[in-house]
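The block underneath contains the structure these notes are about, expressed in structure tokens.
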Amino acid sequence: MSTLLQSSFISSSSSSFSPITPRFSLRYAAAVRCNNVVQSVNLENGKPYRSTEYSVTGGTSSIPSYLVAPNTRIHDLVNKNRLRIFSGTANPALAQEIACYMGLDLGKIKIKRFADGEIYVQLQESVRGCDVFLVQPTCPPANENLMELLVMIDACRRASAKNITAVIPYFGYARADRKTQGRESIAAKLVANLITEAGANRVLACDLHSGQSMGYFDIPVDHVYGQPVILDYLASKTICSDDLVVVSPDVGGVARARAFAKKLSDAPLAIVDKRRHGHNVAEVMNLIGDVKGKVAVMVDDMIDTAGTIAKGAALLHQEGAREVYACTTHAVFSPPAIERLSSGLFQEVIITNTIPVAEKNYFPQLTVLSVANLLGETIWRVHDDCSGGIEPYSSLGID
């Protein structure tokens with residue numbers, strides 16, 4: 001079957017608040033509004049964030065002087081004609097949200113699969129000399145989506161794109177980042193090599209399973225954290241800071257949980273000690289820290305089968321926790337994750353849309369937050385050769 005992907009524009013003024021607030025305003029003289037609102041997230045708490053300061057309506061510009069060269073026109077500064085965003089079939093809704101946030105149109109691309117499963121990709125517009133961003137998480141089915149990304153990169157390279165950036169909201173195979181036993185493969189390094197050899201010049205990833213995965217690439221990697229999106233949402237809830245305790249579901253996530261706790265009014269930290277007897281099988285042993293009478297916020301980078309986080313939540317309730325929240329960036333949700341998460345252990349399960357969640361997998365406690373603004377803002381800065389780690393951009397959480 002054949003898929004032709006193309007976005008329409010959306011007004012960026014339809015949000016209540018945004019976790020990532022751009023520090024300058026851009027106004028285009030002849031901008032077009034989106035006619036179709038993205039329907040990827042329909043939950044009450046899961047609406048995509050929209051910036052309240054970023055405008056794509058008609059008017060003049062307001063850009064800091066250090067970003068504007070003398071006599072530079074807005075059209076030349078933004079250089080929209082040299083920026084292209086294409087979406088694979090893994091998460092087209094997120095790609096459309098990113099394009100709409102940036103005031104751009106998704107590029108036209110034809111992706112189809114032959115009867116034998118082979119993937120065919122053809123760009124429907126010229127990218128010669130362009131800065132191309134390909135949005136494609138390698139989420140389940142991981143092998144299909146990874147191969148599709150590689151073929152997309154090859155198509156752009158052969159079409160003479162100037163720069164090709166693989167925007168990978170969820171990097172599959174990231175957990176295979178080291179050898180834990182003899183004669184094992186390090187698949188994360190292999191995938192990094194495949195992306196590099198296919199022709200990518202840069203990778204933009206969100207919440208890698210471990211920071212060392214960045215070193216597997218021989219090209220620049222922009223590592224963006226989804227933490228600010230979740231933190232802003234938690235800040236909007238009426239939870240007393242004295243009642244909060246941040247919980248790491250395993251020892252390996254202590255650094256992540258500590259950074260999260262520091263930004264939640266320096267909340268105390270607890271650690272769940274677990275022993276893993278096999279892949280996707282976890283057994284909780286004990287709890288390090290005090291959670292009695294407190295609201296426990298469990299923080300992890302992903303939820304796969306939910307075995308680790310569900311057993312951790314059960315332990316927290318046994319130790320006297322009043323409420324348990326689960327916060328994660330990547331919702332892989334392999335069976336039986338939905339049954340475990342909707343069993344009543346959690347007050348709320350907070351995720352982002354780096355991986356699309358099927359409508360059949362929605363449950364009352366689920367809240368989906370959008371990382372479109374985060375990724376869109378990062379794409380602008382990569383395109384404009386701006387740093388994401390210095391003021392006034394340090395709030396983005398970019399490595």
Side-chain angles (χ1 to χ4, degrees), residues 3-43 45-59 61 74-75 77-109 111 124-125 127 130-137 165 167-170 204 206 224 226 228-229 232 352-357 368-384 396:
T3 304
L4 184 62
L5 301 175
Q6 183 182 14
S7 75
S8 49
F9 286 96
I10 189 168
S11 172
S12 64
S13 60
S14 59
S15 71
S16 56
F17 66 95
S18 171
I20 302 303
T21 305
R23 305 305 178 93
F24 55 88
S25 174
L26 294 179
R27 299 177 187 271
Y28 304 114
V32 184
R33 295 180 181 271
C34 229
N35 296 321
N36 299 318
V37 177
V38 178
Q39 300 294 332
S40 61
V41 181
N42 294 318
L43 296 179
N45 292 328
K47 296 179 181 178
Y49 283 113
R50 302 293 181 203
S51 170
T52 56
E53 294 185 16
Y54 189 98
S55 174
V56 293
T57 57
S61 65
I74 297 300
H75 179 77
L77 175 69
V78 178
N79 205 6
K80 293 172 65 177
N81 291 332
R82 292 295 180 183
L83 176 59
R84 296 284 192 276
I85 300 177
F86 293 93
S87 173
T89 60
N91 198 346
L94 174 59
Q96 189 174 23
E97 289 181 39
I98 293 171
C100 288
Y101 169 80
M102 299 176 67
L104 300 174
D105 224 356
L106 271 184
K108 297 178 182 179
I109 185 171
I111 302 175
Q124 303 285 290
E125 59 187 68
V127 295
C130 293
D131 206 358
V132 176
F133 293 82
L134 305 175
V135 182
Q136 175 81 341
T165 301
V167 181
I168 311 176
Y170 170 72
L204 170 56
C206 184
V224 181
V229 177
D232 269 22
T352 70
N353 61 344
T354 57
I355 298 175
V357 179
V368 184
L369 307 177
S370 178
V371 294
N373 286 17
L374 182 71
L375 296 175
E377 195 70 23
T378 307
I379 289 173
W380 270 131
R381 295 174 189 183
V382 170
H383 177 65
D384 291 336
L396 275 178

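The first residue in the sequence is number 1, and the count goes up from there.
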| field | Straight-line distance of Ile85 CD1 to Gln96 CD, nearest 0.5 Å | value | 11.5 Å
| field | Spacing of SG belonging to Cys130 relative to NE2 belonging to His383, to within rounding of 0.5 Å | value | 9.0 Å
| query | Atom CG of Leu374 and atom CG of Leu369: how far apart are they, to the nearest 0.5 Å? | reply | 11.5 Å
| remark: What one should report as the nearest heavy-atom pair of Ile168 and Pro137 is CG2-CA, 4.3 Å
| With respect to Phe133, which candidate in Leu375, Val167, Leu104, Ile98 satisfies the side-chain contact (heavy atoms from CB on, under 4.5 Å) definition? | Val167
| Distance, nearest 0.5 Å, that separates CD of Glu125 from CD1 of Ile109 | 9.5 Å
| query | Hey, are the side chains of Val132 and Arg84 touching, using non-hydrogen atoms and a 4.5 Å cut-off? | reply | yes
| said: Give me the atom names and distance for the closest heavy-atom approach of Cys206 to Thr354. | reply: SG-CG2, 4.2 Å
| How close do Gln136 and Gly88 get, heavy atom to heavy atom, and via which atoms? | OE1-CA, 3.2 Å
| remark: The reported gap from CZ in Arg381 to CG in Leu204 (rounded to nearest 0.5 angstrom) is 12.0 Å
| note | Between the CD1 atom in Ile379 and the OG1 atom in Thr165, the distance rounded to the nearest 0.5 Å is 8.0 Å
| query | Just wondering, do Val135 and Leu106 contact through their side chains at under 4.5 Å, heavy atoms? | reply | no
| Main-chain N/O of Tyr101 paired to Asn373 side chain as donor or acceptor, under 3.5 Å | no
| said: Determine whether a donor-acceptor pair (N or O, by modelled atom type, separation under 3.5 Å) exists between the side chain of Asn353 and the backbone of Val371. | reply: yes
| Which residues share a ring-ring contact (aromatic ring centres under 6.0 Å, His included) with Tyr170, sequence neighbours left out | His330
